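As the structure is a prediction and not an experimental result, all values here were calculated from the model. Every chain is numbered from 1 and lettered A, B, ... according to where its sequence line falls, protein lines coming before strand lines.
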Amino acid sequence: MNSSADLAQIPTRARINAVEMVGRLGLGYLGQVLSSAEILTALMGHYIRQGTDRFVLSPSHYVTAMYAVGIELGLLDREAVTAYGADGSDLETIGSERTPLADFTCGSLAQGLSVGIGYALANRLATNGARSVVFGSDGEMEEGQTWEAAMFAAHHQLTDLTLVIDCNDSQVDGPVSSVTTIEPVVDKWRAFGWHAIEVDGHDLDALIAALETQAAAPKVLVARTTATANLDTLEGLDDAHFIKIDTDLEGSLADELTGRL
Amino acid sequence: MLHPAPYETVLKPYGTALVELAMRRDDIVCLGADLTRQTETDLFRDRIPERFFNAGMAEANLMGMAAGLARSGLIPFVNTFGVFATRRPYDQVAMSIAYPDLPVRIVGFMPGLSSPGGPSHQAIDDVSLMRSLPNMTVIDIADAGEVSAVVELIVDLKGPVYLRLKRGEIPVIFDDSYSLNLNQVAVLKPEGELVIVASGMMLAPAARAVEVAAENGVDVALVYVPVIKPLDTLGIQEALAGRLGAITAENHSVIGGLGSAVAETLAEAGAGVPLRRVGVQDVYATAGSRPYLFREFGLSSQRLVEVVWELAGRRETVPVLAEVSEERPGVHEPV
């Protein structure tokens with residue numbers, strides 16, 4: 001289990017990896033990496049015990065972030081940067097059954113929490129002390145399955161189940177808040193019987209502290225993030241869900257991110 | 001091989017067999033969605049409560065949980081009505097279960113027009129939906145002995161299974177000389193100028209139609225198809241080759257189920273056997289008793305005999321079968 005000091009530079013390095021990966025293809029799911037790099041660093045580098053715990057990546061569009069962080073944690077070879085999105089490669093741009101590092105990926109959104117509950121039930125039957133960890137996204141709260149799963153998990157008091165939601169206010173048609181009102185998110189989860197913690201999703205220390213919180217109910221981190229990671233280069237960007245990136249933009253992003261190291 | 005009609009019935013053979021198997025195998029878990037008694041899994045719940053999970057009316061979550069349990073090395077039997085097991089969580093079954101090829105056994109009760117509840121409860125498209133999913137095995141059986149045997153036969157099958165079952169009282173159609181084989185169609189009567197190919201609950205009406213046809217001078221062969229996918233295409237080709245015509249009989253829409261599967265097989269083999277598909281003719285049914293619905297929507301022995309007469313080119317009057325008007329406890333009569 002790495003400390004937050006060991007992990008401090010990983011989110012920025014992961015973003016630099018992702019700029020190169022998406023830049024190579026000219027377009028892709030970069031906003032998801034920019035918003036979730038700290039969350040996935042805290043999960044994959046600290047909270048999830050490799051080989052013991054189960055990890056479900058519910059929005060598989062975030063797989064780029066998982067690869068980019070995985071490279072920095074030594075879980076994936078650096079060649080992943082060039083293999084990403086290449087024809088015939090296992091490192092597809094939307095996670096699939098071929099995807100390394102996750103136990104389950106769901107390209108069709110909002111299916112992951114239910115699978116995570118299945119893992120939690122199996123862990124409980126086996127009394128193996130394993131955690132079931134689900135990464136989710138704010139847009140998935142528009143799907144009814146999220147709330148079916150939320151009700152079930154609380155009713156069965158699945159205390160070894162943790163959900164982390166990247167609330168980056170971004171979906172295909174624009175800001176989530178412009179499409180529909182999902183707020184108040186924290187109150188919703190509390191009303192469904194979950195232990196909800198609101199946290200700055202770009203603050204690694206705060207994320208790790210929230211993950212370590214003991215609770216008598218399933219736990220959800222409502223991680224507030226931005227899909228631009230507050231980069232000046234992307235100020236005013238109107239579509240963070242699927243970013244077109246030319247050589248100039250790739251260079252500016254890489255420069256600005258490198259300056260943060 | 002076939003008992004004469006009317007058939008004796010056995011109560012809850014599926015629920016009983018599942019408990020027996022789960023008592024021996026602690027990797028079996030049982031899931032449902034607020035239809036516990038109706039899916040015969042009250043027996044499981046009462047005997048092995050720690051491995052019984054009720055999702056409530058939440059089928060999308062139900063299927064996802066089954067996927068997580070299966071990925072953890074367990075074998076989930078997921079029980080609900082066929083309509084709710086297929087239409088409602090289709091994406092979840094496709095993406096969380098079929099695509100990862102997980103050993104989830106989905107049991108859909110009240111197939112076709114066996115439900116008196118009307119279109120919302122009548123699974124007339126479940127075979128079609130499940131058959132089009134890669135990795136999925138699709139089984140449609142109707143005999144009590146088969147239902148008892150099938151649980152053990154599918155438990156260790158690779159990948160997901162969709163099993164459609166009538167609930168409650170199940171007829172004993174086969175005698176002891178028959179045993180369910182998931183890899184082969186069963187040729188129950190080889191000789192005949194025509195052939196009826198039946199699955200699931202249409203076996204009984206098909207057997208009656210074959211009998212009535214014989215009494216009236218038309219020899220009809222009978223083939224039973226318990227597994228719609230993967231279909232024993234060689235068995236179908238061999239059983240149908242050289243016949244004057246073939247009639248499929250299914251308690252399901254004629255689109256996408258047995259009739260379609262046989263049509264595809266015949267066409268690809270270039271067999272050139274004229275085909276008629278008896279089943280629900282691309283319509284939604286209504287509420288009503290099983291005898292009424294099977295008669296009104298063309299799933300009766302009478303309907304099969306009419307199609308036999310048409311295909312055989314018989315010009316004389318079609319035999320008229322005695323009507324089966326009501327259901328009696330402990331007895332199953334083909335309509």
*Asks:* Pick whichever of A:Val115, A:Asp103, A:Val56, A:Asn123 has the most heavy-atom pairs under 4.5 Å with chain B.
*Replies:* A:Val115
*Asks:* Taking all non-hydrogen atoms of both residues, which atom of A:Tyr119 and which atom of B:Ser72 are closest, and how far apart?
*Replies:* CD2-OG, 3.0 Å
*Asks:* If you take all heavy atoms of B:Met95 and A:Gln111, which pair is closest and at what distance?
*Replies:* CB-OE1, 3.8 Å
*Asks:* Report which part of B:Asn54 has an atom under 4.5 Å of a heavy atom belonging to chain A: side chain, backbone, both, or neither.
*Replies:* backbone
*Asks:* Check the surroundings of atom CG in B:Asp46: do more than 12 heavy atoms from other residues, nucleotides or ligands lie under 6.0 Å from it?
*Replies:* yes
*Asks:* To the nearest 0.5 Å, what is the distance between OG (A:Ser114) and CD (B:Glu59)?
*Replies:* 11.5 Å
*Asks:* Is it the case that atom CD in A:Gln214 sees more than 12 heavy atoms from other parts of the structure closer than 6.0 Å?
*Replies:* no
*Asks:* Can you tell me if CZ on B:Arg45 sees more than 12 non-hydrogen neighbours from other groups inside 6.0 Å?
*Replies:* yes
*Asks:* Which heavy atom of A:Phe104 sits nearest to which heavy atom of B:Pro100, and what is that distance?
*Replies:* CZ-CG, 3.8 Å
*Asks:* Taking atom CG of B:Leu69 and atom CD1 of A:Ile117, what is their separation to the nearest 0.5 Å?
*Replies:* 10.0 Å
*Asks:* Please determine whether the number of non-hydrogen atoms from other residues, nucleotides or ligands lying under 6.0 Å from atom CZ of A:Arg224 exceeds 12.
*Replies:* yes
*Asks:* What part of A:His156 lies closer than 4.5 angstrom to a heavy atom of chain B: side chain, backbone, both or neither?
*Replies:* side chain
*Asks:* For B:Met65 and A:Leu121: C-alpha separation, side-chain torsions, deciding distance, then whether side chain to side chain contact (heavy atoms under 4.5 Å, CB included) applies.
*Replies:* CA-CA 8 Å; B:Met65 294 197 301; A:Leu121 291 172; 4.2 Å; yes
*Asks:* Atom CG in B:Leu102, atom CD in A:Glu97: separation rounded to 0.5 Å?
*Replies:* 7.0 Å
*Asks:* Using a cut-off of 6.0 Å, state whether more than 12 heavy atoms not belonging to B:Arg25 lie near its atom CZ.
*Replies:* yes
*Asks:* I'd like to know if the side chain of A:Glu148 reaches the main chain of B:Ala60, judged simply by a donor and an acceptor atom lying under 3.5 Å from each other, with no hydrogens or angles considered.
*Replies:* yes
*Asks:* Quick one: what part of A:Arg54 sits under 4.5 Å from any heavy atom of chain B, side chain, backbone, both or neither?
*Replies:* side chain
*Asks:* From A:Ser108 OG over to B:Tyr99 OH, what is the distance, rounded to the nearest 0.5 angstrom?
*Replies:* 12.5 Å
*Asks:* If you round to the nearest 0.5 Å, how far is CG of B:Asn61 from CG of A:Leu113?
*Replies:* 7.0 Å
*Asks:* Side chain, backbone, both or neither: which part of A:Thr105 has a heavy atom under 4.5 Å from chain B?
*Replies:* neither
*Asks:* Measure the CG-CZ distance between A:Leu125 and B:Arg51 for me, rounded to the nearest 0.5 Å.
*Replies:* 8.0 Å
*Asks:* In terms of heavy-atom contacts, does CD of A:Glu183 have more than 12 from other residues, nucleotides or ligands at under 6.0 Å?
*Replies:* yes
